[in-house]
Amino acid sequence: MSRLQFNSRLFKAAVKYSIPVLLGYATIGIAFGLLLVNAGYPWWLSLVMSLVLYAGAGQFMAIGLFAAGTTLWEICLMELVLNARHMAYGLSMLKRLPGKGFMRLYCIFGLTDETFALLSSLPQGDDADAGIIPPGSDRDLFMFYVTLLDQFYWVSGSVIGAAAGSLIPFNFEGIGFALTALFVVLLIEQILRVKKPHVFVISGLVTVLSVIFIPGRFSLLTAMALSLALVSLLGQTGKGEKA
């Protein structure tokens, strides 16, 4: 019997567990779809990007990069740097994700910030799963369902926003402020979670200096590279002092 055979009881449990992500992804996904269409791109591009790229901040950044005429290799490099944290997510979850096969590969692909938060929050052990995963159920299949549902929420929101933007004229005045506010909230959340404010201060200062002294589309790429180098250097120095 295939492990991917549909289990309605487990699927309902995954839906219930992933509702917080539904609320966030549907809203932000609609905003992404609206912005993409407003930038002059067809609605179906939101579907393709959400299925293949599936990176919220990366997709928002890609709209601006497309509009600025950034080359493909620059976009790929920026996306790689921006989403580098997903490598850490995958490495830290390797022992907890499904053991092998398609489920494992897909869960690694779909390990966004929010999905990582959900899956890494699952209690360890069958007894601790009571109340979240039905007793005796396939824990790997539950994680697969949660990952699949999270992407479904994002894809649905993106397509709905893009379709609505194509059919209904929207006034986008103020949406830029709303998105800026959203990223500020996410930044504060990350600062509180990581508890290393110097990393964000350094990155902010380097970005400002890059914009001032390296105007143009290379400023962001330069800021990312310098920030990573400085933060890595400080991290190595800190380890050396402790040793």
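Just so you know, residue 1 is the first one in the sequence shown, and it goes up from there.
Neither Ile19 nor Leu149 shares a network with the other; the hydrophobic side chains, linked directly or stepwise wherever heavy atoms of I, L, V, M, F, W or Y lie under 4.5 Å apart, form separate groups for each. Grouping the Ile, Leu, Val, Met, Phe, Trp and Tyr side chains by contacts below 4.5 angstrom, directly or via other members, places Leu205 apart from Leu226.
Judged by distance alone, the side chain of Arg9 and the main-chain N or O of Pro134 form no donor-acceptor pair under 3.5 Å. At least one donor-acceptor pair closer than 3.5 Å links the side chain of Arg104 to the backbone N or O of Leu94.
In terms of the ring pair (Phe, Tyr, Trp, His ring centres under 6.0 Å) criterion, Tyr153 has no residue partners (sequence neighbours excluded).
Between Tyr145 and Tyr17, a ring centre-to-centre spacing not shorter than 6.0 Å is recorded.
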Tell me, with the steps shown, if Phe142 and Phe11 meet side-chain contact (heavy atoms from CB on, under 4.5 Å). CA-CA 7 Å; Phe142 178 81; Phe11 187 77; over 6 Å; no
Could you please spell out the steps behind the side chain to side chain donor-acceptor pair (under 3.5 Å) verdict for Thr112 and Tyr25? CA-CA 11 Å; Thr112 61; Tyr25 274 15; 2.8 Å; yes
With side-chain contact (heavy atoms from CB on, under 4.5 Å) as the criterion, how do Asp140 and Phe144 come out once you've worked through the C-alpha distance, each side chain's angles and the decisive distance to 0.1 Å? CA-CA 6 Å; Asp140 289 351; Phe144 174 75; over 6 Å; no
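Taking every heavy atom of both residues into account, Val146 and Ala14 meet most closely at CG2-CB, 3.9 Å.
Counting heavy atoms of neighbouring residues, nucleotides and ligands inside a 6.0 Å radius, atom CZ of Phe109 exceeds 12 of them.
Atom CE of residue Met93 and atom OG1 of residue Thr115 lie 10.0 Å apart, to the nearest 0.5 angstrom. Taking CZ of Arg139 as the start and CD1 of Ile132 as the end, the distance is 8.5 Å to the nearest 0.5 Å. Atom CG in Leu10 sits 5.0 Å away from atom CG in Leu141 (nearest 0.5 Å). A distance of 6.5 Å separates SG in Cys107 from CG in Leu119, rounded to the nearest 0.5 Å. Rounded to the nearest 0.5 Å, atoms OG1 (Thr147) and CG (Leu118) are 9.0 Å apart. Once rounded to the nearest 0.5 Å, the distance linking CG of Leu22 with CZ of Phe152 reads 9.5 Å.
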Without placing hydrogens or testing angles, list every side-chain donor-acceptor pair under 3.5 Å for residues 43-57, not counting sequence neighbours.
from, atom 1, to, atom 2, distance (Å)
Ser46, OG, Trp43, O, 2.6
Ser50, OG, Ser46, O, 2.8
Ser50, OG, Gln59, NE2, 3.3
Ser50, OG, Trp154, NE1, 3.3
Ser50, OG, Ser158, OG, 3.1
Tyr54, OH, Gln151, N, 3.2

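In this model, no donor atom of one side chain and acceptor atom of the other lie less than 3.5 Å apart for Ser210 and Thr207.
Between Leu122 and Arg96, some side-chain heavy-atom pair lies under the 4.5 Å cut-off.
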